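Just below is one structure, and these are the notes that go with it.
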Amino acid sequence: FDPDSASLATDKTTSDGLRYTVESALPRLTAQELAGAPGSVPPDVAQRYLDLPPGMSERVVREAGRVVGAEISPYRRAKALQDWFRENFRYNLAVPAGHDGNAMEQFLQTRQGYCEQFAGTYAAMARSLGLPSRVAVGFTAGTADANGRWRVTGKEAHAWPEDYLSGYGRVACEPTP
């Protein structure tokens with residue numbers, strides 16, 4: 001188990017026949033609790049999750065500052081960014097792919113894109129504000145069939161950002177409308 005990525009891996013060539021048990025706890029965090037998270041960040045988290053992409057667009061950085069304004073609470077800054085995307089952008093799979101600074105500028109200009117663009121641009125903007133952020137990938141729940149089994153296909157693939165809040169660890173955000 002790799003605690004940094006929360007990934008389970010095996011040193012065998014295949015995981016066929018591998019049996020394991022997973023227990024998880026889903027905390028019920030409130031906005032009030034998270035708003036009290038201090039701005040301090042452990043050095044190892046800051047070193048890894050505050051780096052910005054090479055050639056990061058100044059426009060993207062300025063827009064992040066404009067969106068959060070004078071807010072200093074890490075949680076409230078994250079919430080302001082998340083809400084801004086959800087309220088002002090549109091989900092659209094039919095946009096050009098791309099992840100560099102120019103693609104972020106294009107995304108901010110057209111205000112439409114898919115989950116990777118929302119998550120990547122959010123994470124870069126959060127990092128520019130001093131909020132450690134990363135992009136996580138996985139799947140949405142899928143669709144239940146008549147037998148109660150869940151069917152998850154490639155179309156359920158999803159990306160979302162996770163911010164580090166001191167005292168709480170990684171907190172998932174959902175800027176994709």
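This chain uses plain numbering: 1 for the first residue, then up along the sequence. The structure presented is a predicted model; accordingly, all values stated were derived computationally and were not measured.
- Atom CD of Gln47 has 12 or fewer neighbouring heavy atoms from other residues, nucleotides or ligands inside a 6.0 Å radius.
- Closest approach of Ala78 and Asp163 over heavy atoms only: CB-OD2, 3.3 Å.
- Of the inter-residue distances, the one linking Arg111 atom CZ with Gln109 atom CD reads 10.0 Å to the nearest 0.5 angstrom.
- At least one donor-acceptor pair closer than 3.5 Å links the side chain of Tyr168 to the backbone N or O of Glu33.
- Side-chain contact between Val171 and Tyr75 is absent, with no heavy atoms from C-beta onward closer than 4.5 Å.
- We find the CZ-CH2 distance between Arg66 and Trp84 to be 6.5 Å, quoted to the nearest 0.5 Å.
- Applying the 6.0 Å contact sphere to CG of Leu93 captures more than 12 heavy atoms from other residues, nucleotides or ligands.
- The heavy-atom pair separating Gly113 from Gln117 by the smallest distance is CA-OE1, 3.1 Å.
- Atom CD of residue Gln82 and atom CD of residue Glu174 lie 7.5 Å apart, to the nearest 0.5 angstrom.
- In terms of modelled atom types and a separation under 3.5 Å, the side chain of Arg134 and the main chain of Glu162 share no donor-acceptor contact.
- Put simply, the side chain of Asp83 does not reach to within 4.5 Å of the side chain of Asn88, judged on heavy atoms.
- Here the straight-line distance linking atom OG of Ser128 with atom CD of Glu58 works out to 9.0 Å at 0.5 Å rounding.
- Contact of the Glu156 side chain with the Thr143 side chain is registered, since non-hydrogen atoms from C-beta on lie closer than 4.5 Å.
- One distance of note links CE of Met104 with CE of Met125; it measures 9.5 Å at 0.5 Å rounding.
- Atom-to-atom distance recorded for Glu105:CD and Thr110:OG1 is 12.0 Å, nearest 0.5 angstrom.
- The side-chain heavy atoms of Leu129 and Val67, taken from C-beta on, include no pair separated by under 4.5 Å.
- Ring geometry, Phe107 versus Phe89: the interplanar angle falls from 30° to 60°, so the pair is classed tilted.
- Summarising the local packing, CD of Gln32 is surrounded by 12 or fewer heavy atoms from other residues, nucleotides or ligands at distances under 6.0 Å.
- With respect to the salt-bridge test (charged N to carboxylate O, under 4.0 angstrom), the residues Arg77 and Glu71 do not qualify.
- In this structure, Pro132 and Leu50 approach most closely via the heavy-atom pair N-CD2, 3.5 Å.
- Looking at every heavy atom in both residues, Ala97 comes nearest to Tyr114 through CA-OH, 3.3 Å.
- For the pair Arg48 and Tyr164, the cation-pi test (distance below 6.0 Å, angle within 45°) is failed.
- Side-chain contact check for Trp160 versus Thr176: every heavy-atom pair is 4.5 Å or farther apart.
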